[in-house]
Amino acid sequence: MRPPVVLKSGRNFYLVNEFEGELHTHKGIVRLDELKEKRYGDSVTSHLGVEFKILPFSAADFFRLFRKKATPVMPKDIGMIIAHTGLQPDSLILDAGTGSGVTAAYFAYFNKYGEVVTVEKRPEFAEVARENFRMAGLKNIHQIVGDAVEVAEGFKREFDLVFLDMKNDVEMVPVAYRILREAGFLAVYNPYIEQTKAVYERMLEVGFRDVESFELIKVNLEFRRVGTRPFTDIFHTGFIVVGRKI
Ligand SMILES: C[S@@+](CC[C@H](N)C(=O)[O-])C[C@H]1O[C@@H](n2cnc3c(N)ncnc32)[C@H](O)[C@@H]1O
């Protein structure tokens, strides 16, 4: 079976994993069997004469092209968590909840020799994430459907990183502390300040150290003839709390 490819035309990206039939886009219809003889970097043309460049489906596309049910964490925030926690490629990571699986996929991608355990309470979301992981060719993700607090209470293994993007994250903090190895990290992502403060305080209470809370703002630059100015499509995404079991 061929790996999926990405068709790009201007600012539009399309994920293709079938090489028969047609792809209908607002820039015209592309015949998918034409892709079989092509290589990355080649182009195909729609019936309206619009060119689409053929690119490999890579980690750079996870956020953009994964099917989404729940709101995913953005790459800027995932990148920060990976760097801040010094993620190594042979780690054991717990990700709760899975949502669309974007965060779990990036963790799995950068954790090639390790494992990501991801827990989601809604089976229909877990199903969408499962399909996303399959498309991305990620085999080191173990999915569990259930309430993350209950599921994690039963874990006997020691995790290097626990990441929470779920409703009852405050309740999960002491459980995370128990299942982390010494010097392991807990990172919590939440869009609301009140919940973030509650997580921060609970983390100090249960014994986490080096606890920090922050938000990352991504500001783009727009270069025009008249001058350059900053702009941002999305100002606020979420707050991150990171702490360490030391
Ligand atoms: C915002 S989404 C997570 C998005 C995900 N981090 C991503 O990047 O694609 C939050 C998810 O947590 C799930 N969830 C909420 N509380 C949960 C719990 N106690 N146990 C497991 N999953 C939970 C929700 O059903 C939802 O799918």
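First listed ligand is number 1; within each ligand, the first listed atom is number 1. Here the structure is a predicted model, which means the values were calculated and not measured.
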Of all protein heavy atoms, the one nearest atom 8 (O) of ligand 1 is T103 OG1, 2.6 Å
Heavy-atom donor-acceptor pair, N17 side chain to P4 backbone, under 3.5 Å: no
- Parallel, tilted or perpendicular, as decided by the 30° and 60° cut-offs, for the rings of F163 and Y189: tilted
At under 4.0 Å between heavy atoms, what of T98 touches ligand 1? The answer is backbone
message = Please verify the inter-ring angle class for F62 with Y109; under 30° counts as parallel, over 60° as perpendicular, anything in between as tilted.
response = perpendicular
Note: heavy atom closest to atom 11 (C) of ligand 1, options E120, E124, K68, belongs to E120
If we number the atoms of ligand 1 from 1 as shown, the ones under 4.0 Å from a heavy atom of S100 are 9 (O)
To the nearest 0.5 Å, atom CD of E120 lies from atom CD1 of I144 at 12.0 Å
Can a side-chain donor-acceptor contact be found between T25 and N12 if the only test is distance below 3.5 angstrom? no
field: Geometric N/O contact M166 with ligand 1, under 3.5 angstrom
entry: no
Using modelled atom types only, decide if a donor and an acceptor are shared between the side chain of T228 and the backbone of F223 within a distance under 3.5 Å.
no
Atom 10 (C) of ligand 1: closest protein heavy atom, distance to 0.1 Å, is D165 O, 3.1 Å
Ligand 1 N/O within reach of R122 N/O, cut-off under 3.5 Å = no
Under 4.0 Å between heavy atoms, the region of P72 that gets near ligand 1 turns out to be both
Nearest heavy atom to atom 21 (C) of ligand 1, choosing from K121, M74, E171, belongs to K121
### Query
Between K197 and E194, does a salt bridge (Lys or Arg N to Asp or Glu O under 4.0 Å) hold up when you go through it step by step?
CA-CA 5 Å; K197 183 163 181 268; E194 293 82 356; over 6 Å; no
Of all heavy-atom pairs linking K38 and S43, the shortest is NZ-O, 3.1 Å
Notebook entry, point to check: Can you find an N/O atom of D95 closer than 3.5 Å to an N/O atom of ligand 1?
Noted result: no
G146 heavy atoms within 4.0 Å reach ligand 1 at atoms 20 (N), 21 (C)
Practice item. Decide whether the shortest distance between a heavy atom of G101 and an atom of ligand 1 is less than 4.0 Å. Key: yes
Next on the checklist: Over 60° means perpendicular and under 30° means parallel, so tell me whether F110 and Y106 are parallel, tilted or perpendicular.
Outcome noted: parallel
Note: heavy atom closest to atom 20 (N) of ligand 1, options A129, A148, A152, belongs to A148
### Message
Counting only heavy atoms from other residues, nucleotides and ligands, does the tally under 6.0 Å from CD of E51 exceed 12?
### Response
no
Under 4.0 Å from one or more heavy atoms of G97, ligand 1 contributes atoms 3 (C), 5 (C), 6 (N), 12 (O), 22 (N)
Within 4.0 Å of some non-hydrogen atom of N168, the atoms of ligand 1 are 16 (N), 18 (C), 19 (N)
| What about V102: any of its N or O atoms under 3.5 Å from an N or O on ligand 1? | yes
(Q) With a 4.0 Å cut-off on heavy atoms, is V149 in contact with ligand 1? (A) no
E115 and H142 side chains, donor-acceptor separation under 3.5 Å: no
Quick look: T71 vs ligand 1, heavy-atom contacts under 4.0 Å, and the answer is backbone
Over 12 foreign heavy atoms within 6.0 Å of CD, E205 | yes
In ligand 1, the atoms that come under 4.0 Å of a heavy atom of A70 are 2 (S), 27 (O)
Near K167 (heavy-atom distance under 4.0 Å), the atoms of ligand 1 are 15 (C), 16 (N)
